[in-house]
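Written below as structure tokens is the structure these notes are about.
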Amino acid sequence: MIKISTIFAAGLIALGLAAPVVAQEHQTPQIERQQWSFAGIFGKYDEHQLQRGFQVFREVCANCHGAKLLAFRNLAEEGGPMFSEEQVKALAAEYTINDPEAEGGTRKGLTSDRWPGTGQSDADQIAAFGIVPPDLSVIAKARSITSPFPQWIFNYFTTYSEGGPDYLHALLMGYEETPPEGAEIPDGKFYNHVFPGHAIGMPPPLADGQVPYANEDGSEVPAEMLTAEQYSKDVSAFLMWVAEPHLNSQKAAGFRVLTFLILFAVLMWFVKQRLWRRVH
Amino acid sequence: MATESNLAHNDQPNPGRRDFLYVATAAVGAVGVGAVAWPVINQMNPDASVLALASTEFDLSGVEEGSSVTIKWRGSPVFVRHRTAAEIEEARAVPMSDLKDPETDEARVKEGHDQYLVMVALCTHLGCVPVGDAGEFGGWFCPCHGSEYDTSGRIRKGPAPKNLVVPPYQFLSDSVIQIG
Amino acid sequence: MSSHTSNYTPSTGIEKWLDDRLPLIRFSKEHLMDYPTPRNLNYWWTGGAILTFMLAAQIVTGIILAMHYTPQVDLAFDSVEHIRRDVNSGRIIQATHAVGASMFFAAVYMHIFRGLYFGSYKAPREILWILGVIIFLLMMATAFMGYVLPWGQMSFWAAAVITNIFAAIPVIGDPILQLLRGGFAVDNPTLNRFFSLHYLLPFIIAAVVGLHIWALHVPGNNNPVGVEVKSERDTLPFHPFYTMKDLFAVVVFCIPFAWFVFFAPDILGHPDNYIQANPLVTPPHIVPEWYFLPFYAILRAIDFNFILDSKLLGVIAFGGSILILFFLPWLDTSKVRSGTFRPMFKWFYWVFVANFVLLTWYGAQAPDMKVLGNFTVADTSKLSVLYYFAYFIVILPLLSRFEKPRPLPNSISEAVLKPAPATN
């Protein structure tokens, strides 16, 4: 019976777990996984990285991309970049929000407002890029990387959920100035070896030294922090937080729940054993 | 059932330990049920996007003397009235004995900002929005059931039991208030 | 309604009063406590409790989600994100519901394959089995419509593809398609009705579960040796023995459930469903949720015309693969219930299980992927479809003519009881 149970269980686990990752195999070439502070069951966002990532997002990405689900207040919330309430209030006030109820139809931004978008119309963006650049609110969960067999089985045990930031980082770093021979890139498109089809409408967005990171006290940051590679990692982490803002508290709750379940299961096991001892 | 007599609980060699196990397990189970029950109920409480609107800032400098504006706070209308000196005087001249819900005018405004009256614009009778500059007391008049309020928003006549409610607010600067 | 009588005697005046009018306590005692259960049930028999728990969990979390969800094409996607972001504990409740669907199906497959191995569908439990198949069908419908509600790309295209199946029906196919969608394409009316039905169906499932348990309590449980209960020595009262064992199993089941909910809530889903539905662009590779893959593979494997058009034929195979389960009690002609005592059946059974897993895998692959040499998924999956049907139509009906079952024990107690315990 035990042997049968084992085979049965093995079969069902395979059955249960087979599909979703296998399904992704057509998307992109093999992409290297990065080390993320929020990976695994003990992972947490690094608020300094999120703050840097926000700076990159604001100064680079947000010129063309929206993030309509991100509210200013989120930036001050626990488990996020943890800016102070005052910083966020001042930040929100820098933006003008369309509000039909306000005098003149616009007003200063409040912390309760959502990210205001680029201010460009869809038509303008299509004229400039050929498409409307996608909203970045959940982009980190709308993209992923392939995990060939048997790697996807291990994913269930390592809780690998960082396919999105891995993909975004690879994409941002995947531009090549001279396309390989045979690759035809239409005018206005750029060669990116990660992007499906390789011809991407987004110009290479990041360059070394482009975003002037500064320490809180105003002192300079080391030069190795001011690289496109670092910007890319920071903004990918930030976008993961935008897509999954409650990750930290969710994992913390997970530990409490699992501890409880294991304790309760052990107790129930003894209860059940004690009852059944009289029967066997 | 025949088996049951064999399995009756009181024939255990060590009843004390068994009882402890059962009680402990039941207690842990009860904690689990409670821990699940709370989020199930709490999800009905105002969510983060609603709470973000729980306090509103408002710049008073745009409100001219003798006029009022209606703003929205927590989904309800709030009157902000910039009173004239005559209105204030009128309100302060009323003897307490004339009031259904005795309250001084001073207690209904912030010290040093006596000209600004901030009130939740819902009649304390059944929640209609009163009309401004109306009624025989120069304040507000509720069209639903005829309650009348004076220039301090205090109930003077009609079915409403209480004065118009002053929400919690504070002056952030000379001209900006934060309600809530 | 069952073959035993309760030993319940009302002890107080109120109980007596209630017992004469609505014997609720008597009923509960008979069916939840004293119900005589075979003493040899193993952990595969805890599936019923796990499934009842899952149904309750899905209904509770579903009602909560409905309080915050907006079934409108422009708002649905954002309202699900609103739940994840803003609602108190929303991310966890939403993840519980989404992961819960997968866990529910994992449990139901275990339950079904348990029944297949131990012959739980055989007389006198045919109606019990048929009700189970009805529940399975209702679950599939509910899960499918629930998957549409977040209105992501996979949601939309699942709705488009699955409703299109009905267009294969000759003559009335297109009118039925429009009737289901409430339009010429999947759009707002479709989303609205799917929401309505997704809310309704679980309660119908709960009602059929009631019948399923009723139909269980008349003949009583099957058991691992497949010999009917002969005396009270063969049984134990349901409470506390099986209530506590079932509760233990439910708690253990919750451990992987919680693992996914809290640490990898999207790992069983598809990233494309985080892209809002776009009727103008199909994602490059669409797949159903894992629990539909075997049947999806059967649908896709029929890509050839044979008297009928391939599309209709595929739909017939797809529907037939589930409908055939209704006839299983009469297709299996062996008098022996439990696979444990059927040496040849065992082999065919495990091949069937492996074949089913293989179909799941096929369902997730592109049809033109090479499997063996020049043979593609589209080619080799036909063999799996063939075995799936042959198992029911050829193997089970004929097997009993060739198979010599091992000797059965005289009773459950003889099979499982060690020499009489020296207690008492």
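For the numbers below, each heavy atom of this structure counts, side chains included, while hydrogens, waters and symmetry mates do not. Everything numeric here is computed off the predicted structure, so don't read it as measured data. The chains referred to below are lettered A, B, ... by the order of the sequence lines, with proteins before strands, and numbering in each begins at 1.
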(request) Drop me the distance from Lys245(C)'s NZ to Lys272(A)'s NZ, to the nearest 0.5 angstrom. (result)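 Those atoms lie 5.0 Å apart.
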(message) Working to the nearest 0.5 angstrom, can you tell me the gap between Ile267(C) CD1 and Trp152(A) CH2?
(response) 11.0 Å
(message) Would you say CD of Glu85(A) has more than 12 non-hydrogen atoms from neighbouring residues, nucleotides or ligands within 6.0 angstrom?
(response)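 Open: at most 12 neighbouring heavy atoms sit under 6.0 Å from CD of Glu85(A).
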(message) Heavy-atom count check: over 12 atoms from other residues, nucleotides or ligands less than 6.0 Å from Phe129(A) CZ?
(response) yes
Any side-chain heavy-atom pair of [X] and [Y] under 4.5 Å:
X: Trp276(A); Y: Leu236(C); value: yes
X: Arg143(A); Y: Ile275(C); value: yes
X: Asp78(C); Y: Leu69(A); value: yes
X: Ile41(A); Y: Trp259(C); value: yes
X: Asp266(C); Y: Glu244(A); value: yes

By a 4.5 Å heavy-atom criterion (distance strictly below it), what part of [X] contacts chain A: side chain, backbone, both, or neither?
X: Gln153(C); value: neither
X: Phe105(C); value: neither
X: Phe77(C); value: side chain
X: Pro265(C); value: side chain
X: Ile92(C); value: side chain

(message) Only pairs of heavy atoms separated by less than 4.5 Å count here; which of Leu358(C), Val251(C), Thr243(C), Asn273(C) has the most with chain A?
(response)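 Of the options given, most contacts go to Val251(C).
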(message) Taking every non-hydrogen pair under 4.5 Å, which of Ile286(C), Leu359(C), Asp86(C) racks up the most with chain A?
(response)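 Going by pairs under 4.5 Å, I would pick Asp86(C).
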Minimum-distance pair of heavy atoms, taken over all atoms of [X] and [Y]:
X: Arg85(C); Y: Ser137(A); result: NH2-O, 3.3 Å
X: Cys254(C); Y: Leu261(A); result: O-CD1, 3.5 Å
X: Val138(A); Y: Tyr274(C); result: CG2-O, 3.3 Å

(request) Select, from Met268(A), Lys141(A), Lys68(A), the one with the greatest count of heavy-atom pairs under 4.5 Å involving chain C. (result) Lys141(A)
(request) Tell me, please, which residues at least two apart from Glu47(A) pass salt bridge (Lys or Arg N to Asp or Glu O under 4.0 Å). (result) none
(message) Students often mix this up, so state it plainly: with edges at 30° and 60°, are the rings of Phe248(C) and Trp269(A) parallel, tilted or perpendicular?
(response) tilted
Check residues 247-258 of chain A and write down every donor-acceptor pair under 3.5 Å in which the side-chain atom is one partner and the other belongs to a residue at least two apart or another chain.
{"residue": "Asn248(A)", "atom": "OD1", "partner": "Tyr45(A)", "partner atom": "N", "Å": "3.1"}
{"residue": "Ser249(A)", "atom": "OG", "partner": "His246(A)", "partner atom": "O", "Å": "3.2"}
{"residue": "Gln250(A)", "atom": "NE2", "partner": "Val261(C)", "partner atom": "O", "Å": "3.0"}
{"residue": "Lys251(A)", "atom": "NZ", "partner": "Phe38(A)", "partner atom": "O", "Å": "2.8"}
{"residue": "Lys251(A)", "atom": "NZ", "partner": "Gly40(A)", "partner atom": "O", "Å": "2.8"}

